[in-house]
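Source: prediction; values computed, not measured. Residue numbers run from 1 in the order of the sequence given. When a ligand or atom number is given, it counts from 1 through the structure's own listing order.
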Amino acid sequence: MRHVLRSQQFDEELLLLLFERAADLQTNFDDPRRHRMMGQLLAGSMLFNVFYEPSTRTRMSFAAAAQHLGMQVVTTENAREFSSSAKGETLEDSIRVMCEYRPDVIVLRHHEDGAAERAAVVSGVPVINAGDGGGQHPTQALLDLYTIKHELERISNLHLLIGGDLARGRTARSLAYLISKFPGNRITFVSPRELSVGEDIKQHLSEHEVPYSETEELRDALPEADVVYWTRTQLERHKGQILDPFVLGVDELALMKQDTVLLHPLPRIGEITVEVDSDPRAAYFRQAGNGMFVRMALIEWVLELLAPGPTSDDSQERT
Ligand code: CP
């Protein structure tokens, strides 16, 4: 089964295949004939969207992606409160029961690290990790990398500035894993010392010979970056003192190169000011939009409709 559990599972060939397919779907989306054909690709299939934590982008873009491919969608939002989890049912039992209702794929967001892996052990259908606690958010990393490719036309030989709450931010963790698969990339991590990136990520980067450095000085790091990946403080995962976030505003924007791309997984809670939004380098809303197309391609791959090796001509025929 093609579960999607962590960024490390993707190799370069598969990433490029997914990105090619996502770009094909995006390019042809507004063509009425191709859109009709897309809507028949997975007709009769069903996606279960199982969310134990809040979400706007991931939940809605997976639902929209599935429906644009002709799938039906069954959803549980706030499953921590409104599912039988509230009565003490284990995740494993819930997943086993859901599989009795014959989904083709389960998309799972959960508040505990490793939850998607636990679900995959007992699931009879592929599980897609839509974020597990402070662990990973691999589909976000896919759309982040796709956006970098889309905006800069390359995903190698880049200097990334990854900043914010790096101790608990799963999107930053997943992107660091993914970017290490391409040559010539280096990372500057920017965060308060208390929110610095974990040793597991640093060890992975060292093992894959990806140069990285850490600093608390955002303004020093900004002029060098090709990509600025900014993240919020994970208030829901903090116990005790909440640190003031670093705020990126127009003064910081002025320090960036003209062709730097500014990304954020969203939601933001003040760490990028709204004045920044109108700058062409601010790509975070385009980034969110890209997510649906990447997730369409990913659903196709998980359900074995997308196999390594098609040419773009083949894929155009399909839709
Ligand atoms: N980026 C992201 O995962 O957003 P949501 O929490 O709204 O899904």
Side-chain angles (χ1 to χ4, degrees), residues 4-7 10 18 22 47-68 73 75-82 105-116 119 127-148 150-151 160 162-179 227-238 245 248 261-272 276-277 282-299:
V4 175
L5 302 176
R6 59 190 102 83
S7 287
F10 292 95
L18 289 168
L47 179 142
F48 278 17
N49 234 357
V50 181
F51 278 63
Y52 288 77
E53 275 193 336
S55 168
T56 298
R57 278 146 290 275
T58 313
R59 184 171 58 79
M60 297 189 72
S61 65
F62 261 116
Q67 294 196 31
H68 285 307
V73 178
T75 291
T76 171
E77 300 167 28
N78 194 4
R80 218 166 157 180
E81 189 178 347
F82 294 135
V105 57
I106 294 174
V107 176
L108 176 70
R109 172 168 288 189
H110 202 276
H111 47 283
E112 293 172 0
D113 296 22
V127 172
I128 299 179
N129 181 0
D132 60 338
Q136 285 219 23
H137 193 349
T139 72
Q140 178 71 44
L142 291 176
L143 77 91
D144 295 340
L145 197 61
Y146 175 80
T147 302
I148 293 169
H150 214 253
E151 297 282 328
L160 283 89
I162 300 181
D165 182 352
L166 305 178
R168 296 169 183 81
R170 57 196 176 195
T171 64
R173 295 168 57 77
S174 289
L175 180 60
Y177 279 124
L178 217 51
I179 205 72
V227 176
V228 175
Y229 190 84
W230 208 234
T231 64
R232 71 182 168 94
T233 306
Q234 302 277 309
L235 298 176
E236 68 273 38
R237 298 188 214 295
H238 277 274
L248 203 152
V261 59
L262 174 57
L263 302 179
H264 191 303
L266 303 177
R268 65 175 157 185
I269 49 172
E271 64 283 349
I272 296 181
V276 172
D277 297 356
Y284 29 88
F285 291 113
R286 297 194 291 277
Q287 177 187 1
N290 290 339
M292 186 182 78
F293 299 102
V294 171
R295 287 171 173 137
M296 287 174 79
L298 191 66
I299 291 168

List the steps, then state whether side-chain hydrogen bond (donor to acceptor under 3.5 Å, both in side chains) holds for R286 with T147. CA-CA 8 Å; R286 297 194 291 277; T147 302; over 6 Å; no
Atom 7 (O) of ligand 1 - nearest protein heavy atom and its distance: T56 N, 2.7 Å
From the options R109, R173, R6, select the one residue that forms a side chain to side chain donor-acceptor pair (under 3.5 Å) with H137. R109
Which residue holds the protein heavy atom closest to atom 4 (O) of ligand 1, what is that atom called, and what is the gap in Å? R57 NE, 3.0 Å
Between the side chain of D113 and the main-chain N/O of G134, is any donor-acceptor distance below 3.5 Å? yes
For the pair D132 (side chain) and H110 (backbone), establish whether a donor and an acceptor sit closer than 3.5 Å, ignoring hydrogens and angles. no
Under 3.5 Å: donor-acceptor pair, side chain of Q287, backbone of H264: yes
If you measure every N/O of P265 against every N/O of ligand 1, is any gap under 3.5 Å? yes
Return the closest protein heavy atom for atom 6 (O) of ligand 1 as residue, atom name and distance. R109 NH1, 2.8 Å
Side-chain donor or acceptor of Q136 paired with backbone N/O of S7 under 3.5 Å: yes
For atom 2 (C) of ligand 1, what is the closest protein heavy atom, and at what distance to 0.1 Å? L266 O, 3.5 Å
For ligand 1, which atoms, with element, lie under 4.0 Å from some heavy atom of Q140? 1 (N), 2 (C), 3 (O)
So is R59 polar-close to ligand 1, meaning N/O to N/O under 3.5 Å? no
Check each atom of ligand 1 against the heavy atoms of S55 and keep those under 4.0 Å away; list them by number with element. 5 (P), 6 (O), 7 (O), 8 (O)
